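Report on one structure; see the data block that follows.
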Amino acid sequence: MADLLPEHPDFLWRNPEPKSSYDAVIVGGGGHGLATAYFLAKNHGMTNIAVLEKGWLAGGNMARNTTIIRSNYLWDESAAIYEHALKLWEVLPEELEYDFLFSQRGVMNLAHTLGDVRESIRRVGANKLNGVDAEWLEPDQVKELCPILNISDNIRYPVMGATYQPRAGIAKHDHVAWAFARKCDELGVDIIQNCEVTGFVKDGNRVVGVKTNRGTINTEKVGLCAAGHSSVLAEMAGFRLPIQSHPLQALVSELHEPVHPTVVMSNHVHVYVSQAHKGELVMGAGVDSYNGYGQRGSFHVIEHQMAAAVELFPIFARAHVLRTWGGIVDTTLDASPIVGTTPVENMFVNCGWGTGGFKGTPAAGLTFAHTIATGAPHELNRPFALERFETGALIDEHGAAAVAH
Amino acid sequence: MLLISCPNCGSRDETEFHYGGQAHVPYPENPSGLNDREWAEFLFYRDNTKGIFAERWLHSTGCRQWFNMLRDTVSYDIQSIYPMGAPRPDKAAAAPESGTASTAADSTTTGSAAPSIAATSITSTSTAPSTAPSTTQSGTTAPEGATK
Ligand SMILES: Cc1cc2nc3c(=O)[nH]c(=O)nc-3n(C[C@H](O)[C@H](O)[C@H](O)COP(=O)(O)OP(=O)(O)OC[C@H]3O[C@@H](n4cnc5c(N)ncnc54)[C@H](O)[C@@H]3O)c2cc1C
Ligand SMILES: [Zn+2]
């Protein structure tokens with residue numbers, strides 16, 4: 001039977017054995033780890049490096065997210081890093097020589113209360129001042145852009161308008177990971193799957209190696225990109241992070257012909273919906289309230305999200321759910337990421353992207369690579385250093401940026 | 001959906017409850033003496049245990065009382081439910097409640113040992129068999145095997 005199958009297509013990356021030592025080791029083979037390794041090799045000439053992944057490449061949140069990419073955040077610091085990411089998304093398919101179906105179909109953030117309306121208009125203003133494309137749409141304009149949305153006032157939370165970012169959109173998350181992985185591999189980076197980091201070797205307060213299920217690996221520098229498991233790794237290294245890990249779920253429907261031309265997010269009734277290229281309706285919910293590492297959440301969260309979806313999009317009422325799944329998201333109290341140095345010398349951390357780090361992948365990688373290579377912050381990640389929890393310079397993006405995805 | 005056994009009302013759906021995060025975080029004894037680092041720890045840093053975690057829950061649409069729970073954050077098994085103000089049942093030798101702890105329902109101040117000390121030892125209990133039966137009666141101790 002096997003000889004009847006076509007040849008396996010070319011593999012996109014090697015599966016090398018770990019070397020005994022590297023100039024830098026990145027922990028976590030999700031989007032952020034791979035992007036970091038890519039920019040370390042490309043921008044800083046660091047090619048004797050490895051990405052260690054305990055499972056399979058992009059098996060964490062990277063290929064579990066709802067792929068929404070936008071940069072319409074309220075505060076200057078966030079707008080700067082997310083807009084930089086968006087500009088990178090615009091050039092990456094060509095740079096990585098991989099069409100990962102980045103589709104700038106726009107993202108709409110609905111407003112359902114007077115408070116929402118005021119906050120949204122304020123955010124549009126802030127976005128414009130930061131050079132981020134943003135518009136305020138009245139309900140009839142919302143309907144024009146997305147005809148399947150119910151804008152009548154016969155629902156519990158009628159649509160009172162929306163913000164719209166035309167350059168925002170979606171991309172195929174697994175292909176993004178593969179695109180980065182292939183380029184990393186071409187540049188000489190070792191991508192090592194099934195390699196779990198179980199501890200660190202320190203000389204005084206300086207990290208000099210990582211312990212793994214495949215032996216100890218010496219390294220000059222360590223970059224943590226472990227998303228939901230960041231606290232576990234920090235604890236191994238002997239420091240704490242202000243992170244709580246929560247389950248976050250999403251689901252897809254069976255395939256449908258194209259009905260949904262853009263991306264619609266509603267903070268207030270808590271659902272966000274787009275239609276994948278293949279035709280599935282892709283919907284995300286909120287986090288489960290409790291801490292969890294189980295990559296699954298409670299059904300009532302999904303029920304709540306579906307109720308909101310059906311009210312906003314009456315034609316979804318007869319669509320069937322194909323599958324649901326969960327990831328583990330690393331949330332911070334100000335809903336902003338943590339990128340920078342740690343209390344351990346030569347160990348750096350990129351985490352806290354929580355429910356919304358897919359869109360940030362290219363900028364996280366670019367700036368984190370800079371920090372690992374130079375030991376110093378990049379202008380774009382400086383405000384996101386761990387120290388902000390002591391100085392009080394929080395970047396409070398809760399609610400301010402609509403749903404945090 | 002978790003099935004949570006409220007000490008006052010019995011087994012109810014998770015949707016009746018409100019999550020309160022890590023238990024046993026005492027309000028600082030001497031707030032004016034804290035430096036920025038210590039305030040950061042109290043305000044923003046909580047354990048994020050993978051394994052058995054001591055956490056607070058409020059039966060918000062029932063008796064409106066707070067209680068503590070030991071729950072496995074990987075399997076989500078509830079191992080024990082015990083009153084606010086009582087020490088962790090899997091830490092038999094734990095110091096008695098101290099500090100400005102209060103057992104009032106809305107209190108955020110119930111606490112015992114410093115969280116950072118608890119953190120290290122909690123993780124070591126994560127090897128407790130998750131097959132242990134969930135004991136969800138009020139004030140019970142952890143099932144056999146969970147106390148290492
Ligand atoms: C359901 C869901 C929907 C989402 N929707 C969106 C969205 O629409 N838009 C958006 O911008 N963001 C979204 N996100 C968030 C986004 O997915 C994450 O912020 C982002 O993927 C995190 O970075 P990452 O890709 O590197 O994480 P991950 O892919 O989780 O990578 C971390 C990796 O570290 C590995 N690891 C952990 N511990 C170890 C160890 N000890 N040794 C070795 N490896 C280890 C893990 O196995 C994992 O592969 C969503 C997340 C979820 C779960
Ligand atoms: Zn009750």
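Predicted, not measured: the structure shown is a model, and the values here were computed from it. Convention: sequence-line order gives letters A, B, ...; per-chain numbering from 1.
A distance of 7.5 Å separates CD of A/Glu235 from CG of B/Asp47, quoted to the nearest 0.5 Å. Here B/Tyr45 contributes atom OH and A/Leu333 contributes atom CG; the two are 11.0 Å apart, rounded to the nearest 0.5 Å. The line from OG1 of B/Thr15 to CD of A/Glu303 is 9.0 Å long, rounded to the nearest 0.5 Å. Taking CG of B/Asn35 as the reference point, atom CD of A/Glu390 lies at 8.0 Å (rounded to 0.5 Å).
Of all the listed residues (A/Gly392, A/Ser289, A/Pro247, A/Ser230), the one sharing the greatest number of non-hydrogen pairs under 4.5 Å with chain B is A/Ser289. Highest contact tally toward chain A, considering only B/Trp57, B/Trp39, B/Tyr19, is held by B/Tyr19 [criterion: heavy-atom pairs under 4.5 Å]. Taking A/Val232, A/Leu241, A/Asp288 one by one and counting their heavy-atom pairs under 4.5 Å with chain B, the maximum is reached by A/Leu241.
Here the side chains of B/Gln22 and A/Gln244 are not in contact, with every heavy-atom distance at 4.5 Å or above.
A 6.0 Å sphere centred on CH2 of A/Trp325 holds more than 12 heavy atoms belonging to other residues, nucleotides or ligands.
B/Leu2 touches chain A through backbone and side chain together, each having a heavy atom under 4.5 Å away. No part of B/Glu38 comes within reach of chain A, as not one of its non-hydrogen atoms sits under 4.5 angstrom from that chain.
For residues 291-300 of chain A, a heavy-atom distance under 4.5 Å to chain B picks out A/Asn291, A/Gly292, A/Tyr293, A/Gly294, A/Gln295, A/Arg296, A/Ser298, A/Phe299, A/His300, given by residue number.
Between A/Tyr290 and B/Tyr76, a ring centre-to-centre spacing shorter than 6.0 Å is recorded.
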